[in-house]
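Here is the structure we will look at.
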Amino acid sequence: MSTDPNDKAAVEKRLWKELDHTRFGMLGLTDSHQHFQPMTAFAEPEHGQIWFFTKDDTDLAKSAGGGAQAMFIVQAKDQDFQACIGGVLSTARDTARIDKYWNPMVAAWFPDGKDDPSLTLLRLDAKDAELWISKGGAIRFAWETAKANLTDSTPDLGDKVHVNLG
């Protein structure tokens with residue numbers, strides 16, 4: 001899918017669409033020595049938020065507490081889109097969102113169901129994102145790489161775009 005990097009509204013729309021489609025990524029705190037962790041994202045573009053299920057005793061939940069700088073990294077399944085979304089991560093026990101996003105995949109992590117006392121949500125209030133949008137897929141990648149090696153140039157594989165979200 002081609003997205004004009006100069007059209008910030010289209011880029012932002014693509015970000016939320018890819019996030020909703022891909023769902024999986026790596027979440028971590030930027031001011032921490034903790035490694036990023038794989039998480040499933042539930043995006044709410046209308047609020048500029050991304051929600052994650054976790055347990056309240058995880059390092060990430062304990063560190064996020066009342067708010068911490070964080071980033072969520074996502075790569076589209078066809079590898080033509082990557083994004084790093086920055087914002088403030090906090091914990092919340094939001095029963096409406098638990099009900100909204102609860103599914104068999106989430107339930108597998110919480111044997112006591114929605115009432116599990118350790119269940120909490122992480123909320124990322126997205127502030128900005130850096131996106132890389134590739135052009136042309138695997139064939140274009142191979143062509144640009146071969147061309148660069150033959151001409152001592154840099155491959156033209158796509159565009160890098162920064163968008164403000166909040």
Side-chain angles (χ1 to χ4, degrees), residues 1-3 5 10-65 67-114 116 118-138 141 157-163 165-166:
M1 170 191 297
S2 179
T3 304
V11 170
E12 184 175 343
K13 183 177 178 181
R14 171 108 187 254
L15 169 66
W16 292 109
K17 181 180 179 204
E18 293 287 350
L19 186 56
D20 191 51
H21 179 70
T22 302
R23 270 220 207 247
F24 302 103
M26 299 292 287
L27 177 66
L29 303 178
T30 58
D31 297 329
S32 167
H33 295 288
Q34 298 172 9
H35 291 279
F36 279 46
Q37 302 174 24
M39 300 291 281
T40 302
F42 298 92
E44 293 184 359
E46 65 277 11
H47 300 112
Q49 297 174 335
I50 306 168
W51 293 83
F52 309 89
F53 283 86
T54 192
K55 294 187 177 186
D56 60 10
D57 63 351
T58 64
D59 289 340
L60 194 54
K62 287 183 206 175
S63 298
Q69 293 298 312
M71 291 199 177
F72 184 60
I73 301 167
V74 63
Q75 178 168 326
K77 293 176 184 177
D78 60 8
Q79 300 181 3
D80 70 343
F81 181 91
Q82 295 84 30
C84 182
I85 305 162
V88 176
L89 188 69
S90 58
T91 57
R93 176 83 184 175
D94 187 317
T95 54
R97 284 191 172 83
I98 291 171
D99 288 341
K100 180 178 181 177
Y101 297 123
W102 191 261
N103 63 56
M105 296 285 283
V106 172
W109 296 98
F110 300 96
D112 293 332
K114 295 178 192 178
D116 189 312
S118 69
L119 179 125
T120 193
L121 295 173
L122 296 171
R123 182 187 77 220
L124 180 65
D125 291 305
K127 299 296 178 205
D128 68 343
E130 197 87 9
L131 300 89
W132 292 263
I133 304 169
S134 302
K135 302 176 193 171
F141 179 83
L157 298 174
D159 297 298
K160 175 181 156 189
V161 182
H162 183 90
V163 292
L165 301 170

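Treat the numbers as computed from the prediction; the structure is a model and nothing was measured.
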(message) Please report the interatomic distance NE2(His35) to CG(Asp59), rounded to the nearest 0.5 Å.
(response) 11.0 Å

(message) Quick check: closest heavy atoms across Thr22 and Ala76, and the distance to 0.1 Å?
(response) OG1-CA, 3.5 Å

(request) Check Asp20 against Arg23 and note the closest heavy-atom contact, atom names and distance. (result) OD1-NH2, 3.4 Å

(message) Within this structure, what is the CZ-NE2 distance for the pair Phe81 and His21, rounded to the nearest 0.5 Å?
(response) 12.0 Å

(message) So, taking the atom named CD in Glu18 and the one named CD in Gln75, what distance separates them when rounded to the nearest 0.5 Å?
(response) 10.5 Å

(request) May I ask you to decide if the ring planes of Phe42 and Phe53 are parallel, tilted or perpendicular, using 30° and 60° as cut-offs? (result) perpendicular

(message) Testing the basics here: between Leu122 and Ala61, what is the closest heavy-atom pair and its distance to 0.1 Å?
(response) CD2-CA, 4.0 Å

(request) Kindly write out the residues that satisfy salt bridge (charged side-chain N to carboxylate O under 4.0 Å, His left out) with Glu44, not counting sequence neighbours, or none if the list is empty. (result) Arg97, Lys100

(request) Examine distances only and state if a side-chain atom of Asp31 and a backbone atom of Leu29 form a donor-acceptor pair shorter than 3.5 Å. (result) no

(request) Work out which heavy atom in Trp16 is nearest to a heavy atom in Ala126; give both atom names and the distance. (result) CH2-CB, 4.4 Å

(request) Would you mind reporting whether Leu60 and Phe52 have side-chain heavy atoms less than 4.5 Å apart? (result) no

(request) Work out which heavy atom in Ala43 is nearest to a heavy atom in Tyr101; give both atom names and the distance. (result) O-OH, 4.1 Å

(message) Measuring from atom OG1 of Thr40 to atom CZ of Phe24, what distance do you get when rounded to the nearest 0.5 angstrom?
(response) 4.5 Å

(message) To the nearest 0.5 Å, what is the distance between CG on Leu121 and CG on Leu124?
(response) 13.0 Å

(request) Would you please name every residue forming a salt bridge (charged side-chain N to carboxylate O under 4.0 Å, His left out) with Arg123, sequence neighbours left out? (result) Asp125

(request) Verify side-chain contact (heavy atoms from CB on, under 4.5 Å) between Trp109 and Thr54, making sure each step is shown before the conclusion. (result) CA-CA 9 Å; Trp109 296 98; Thr54 192; over 6 Å; no

Identify all side-chain donor-acceptor contacts of residues 83-93 below 3.5 Å with residues at least two apart in sequence or on another chain.
residue	atom	partner	partner atom	Å
Thr91	OG1	Gly65	O	3.3
Arg93	NH1	Asp116	O	3.4
Arg93	NH1	Leu119	O	2.5
Arg93	NH2	Lys114	O	3.2

(request) Quick one: pull up CD1 in Ile50 and CG in Leu19 and give me the separation to the nearest 0.5 Å. (result) 5.0 Å

